[in-house]
Each structure stands twice: as structure tokens, then as C-alpha cells.
Number of protein chains: 2
Amino acid sequence: MAAATAPIIHSTFNIDRIFHALGDPTRRAILEHLSHGPAALSILAKPLDITVAAVVQHVQVLETSGLVHTEKVGRVRTCRMEPAGLSAAERWMQERRTTWERKLDRLRALLGEN
Amino acid sequence: MAAATAPIIHSTFNIDRIFHALGDPTRRAILEHLSHGPAALSILAKPLDITVAAVVQHVQVLETSGLVHTEKVGRVRTCRMEPAGLSAAERWMQERRTTWERKLDRLRALLGEN
DNA sequence: CAATTAGTTAAGTGAAAACTTTACTATTTG
DNA sequence: CAAATAGTAAAGTTTTCACTTAACTAATTG
């Protein structure tokens, strides 16, 4: 019963990789930067005091998780945020949270009826 | 300009700890279990093939992040989900995502006007 | 074309994280 | 009360992760 099983269309997203990518504060800082617009690797590196090589590795993690897309033109690799990955993670959390909240409501209703 | 700065009330939540806690698949499995209702440590441990000691450690991480609350009665420690932490993480993602989506819209509008 | 800029790749280091083992305490139950 | 159950705490092991260094390629610019 309850809601019909949703068709699995968007399973290109690996929730494991997404949450792992989001687990690191530097990668979240990169995402935050990219939310204001696309940026080259060297631009992303500037405010973070780590080497460009480290930034490259973080961006690779973000890219294989699907949270970021990159494209190289000339010698510049431009990174841009890919919002669908975030949506997938938001959905995961929302599902768990609402499942729990519904459970709580039912419990409260039962207790209220006594 | 733009929106007024939101008063910081709910900063009891450490977004760093929350995202770190969510970064581990075993901890997400525990949360998933708890979304269906509170459970004792030993119940949580059963489907995961790791020792109870390891589960205790995961639950400690979840608890210090605020995603889970636990209480010991007799010899049983019962764990229950705390949805507010998830909401905080959802909010973080939604903010970054919508910032980016608004940016995209403005860009599209500009291009559309040409 | 020489110098600079942007990024890449591989290998190594150190620290954090996940997990186990072991020994132990407190509670419950037959 | 003896045995079983539920969890705890500390210490050690293994694995993963973030980061650096260093040597290199390709594109751009003075």
C-alpha cells in the first residue's frame, strides 16, 4: 500500500559517492564557491590553502560523484556545479526524515486517543 | 541588500559533524533503520556484519552530530532519530542548489533576450 | 621562441577513521 | 544465584584519505 513504487530513472547518481564527497569540508567549500558560478581550478585553489594538485583531486571526487562537471578549454579546466546530485542527496534525507516524522505523528495520535 | 540576514538560532548543529557522520554508508544504514522507529544497539547491530563495539562507535558519531539521541534504560540503550540534524543538512544543500539555479535562470534570461 | 601559466600524474607521507579483540560491568532471567 | 544478555572501554590493527613533492605536458603571452 501507500505510495506506488517510484520508477528508478535517475539512478545515474551514486548516493554513496555523493555523501562521501559531501563529507569533506574542503569539497563543500568548493561546492559553495561553484554555487556562485563556474570557476577554473586555479581560481578554486586560491582561497583554500592547499596545493593545486590537492584541489584537482577534490574536484575529481566531486566529478565522479556527479556533483560537479568539468570541461577543459585550452589549458583551463572550468568546473560547474551539477545540482541534480544535490537533489538526490536532499531526497534521501527527506525520505528518511519524513518516514520518521510520520511514525511520530501516528504514535502521538495513539497516545492522544488514550 | 537581498534577503535579511537570518538570525542564527539553530547553530547547535555542527554542519561539519553532520556531513561527516552522513559520509559513512554504515551510519546511513543505521539512520535508515532508525527512520522506521527507535531501536536498541543490539538490534541495530544484527543486520550489519560488524561487531557491536563498532556499532557503538558509529552511534557515538551519530549522537555527537545530533542526528541521533540515545537513552539507556536498564541494560538497553535505545537509539532514536533526531530529524532536526537532517533538516539542517537539507537546508545547506538547498541553499547552494537554489543559489546556483537562480544564477542559471538569470543567465538564460540574458541569453534569451539577445 | 623563451618564459609564464594552468593543469596533470605518480609516488610517497602522515593522520584519521573503521574495525577488531579482549576484558570488563551491570542487568535480567531461568 | 548462576548463566545469559546488553553494552562499555581501551588498545591495537588495518585501511582509507587528504595532502605534498616533484617531474612533466600543453597552452598562452611578451
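Predicted model, so just to flag it, every value in this text is computed and none were measured. Here is the naming used below: chain letters follow the sequence lines, and residue numbers restart at 1 for every chain.
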* Same apolar cluster (I L V M F W Y, side chains within < 4.5 Å links), B:Ile15/B:Leu22 ->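 In one cluster with B:Ile15: B:Leu22, yes.
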* **A:Ile43 with A:Leu31, same ILVMFWY side-chain cluster at under 4.5 Å** =>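 In one cluster: no.
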Atom-to-atom span, [atom1] of [X] to [atom2] of [N] - whole angstrom:
X	N	atom1	atom2	value
A:Lys72	D:dA27	NZ	P	8 Å
A:Leu41	C:dT9	CG	C1'	14 Å
B:Leu62	C:dA17	CG	C1'	14 Å
A:Lys46	C:dG7	NZ	P	10 Å
B:Leu44	D:dT8	CG	C1'	16 Å
B:Asp16	D:dA18	CG	P	13 Å

Any side-chain N or O of [X] less than 4.0 Å from the OP1 or OP2 oxygen of [N]?
X	N	result
B:Arg77	D:dA6	no
A:His20	D:dT16	no
A:Thr51	D:dC19	no
A:His58	D:dC19	yes
A:Arg75	C:dT8	no

* Quick one: the side chain of A:Gln57 and the base of D:dC19, do they pair up donor-acceptor inside 3.5 Å? ->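 Answer yes: a donor N or O sits under 3.5 Å from an acceptor.
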* Out of D:dA6, D:dA18, D:dT21, which nucleotide sits closest to the side chain of A:Ala53? ->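 Nearest nucleotide to the side chain: D:dT21.
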* Ignoring the backbone of A:Asp24, work out which of C:dA18, D:dA18, C:dA6 is nearest its side chain. => D:dA18
* Comparing A:Gly74 and A:Asp49 on DNA chain D - which has the more 5′ nearest nucleotide -> A:Asp49
* Asked: Between B:Thr78 and A:Ile50, who's closer to the 5' end of DNA chain D by nearest nucleotide?
  ->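 This one resolves to B:Thr78.
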* Asked: Salt-bridged, B:Glu101 to B:Arg97, with N to O below 4.0 Å?
  ->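 Salt bridge: yes.
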* **Lys/Arg-Asp/Glu bridge criterion (N-O < 4.0 Å) met for B:Arg108, B:Asp105** => yes
* To do: Answer with yes or no whether the side chains of B:Thr78 and B:Glu71 bring together a donor and an acceptor at under 3.5 Å.
  =>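 The answer is no; no qualifying pair exists.
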* To do: For A:Ser42, answer base if it contacts any base atom (sugar-phosphate contacts may also be present), sugar-phosphate if it contacts only those atoms, and nothing otherwise; contact means non-hydrogen atoms under 4.0 Å.
  =>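 A:Ser42: backbone/sugar contact only, no base atoms under 4.0 Å.
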* Name the residue closer to the 5' end of DNA chain C, choosing between B:Ala54 and A:Ala40 according to the nucleotide with the nearest heavy atom. => A:Ala40
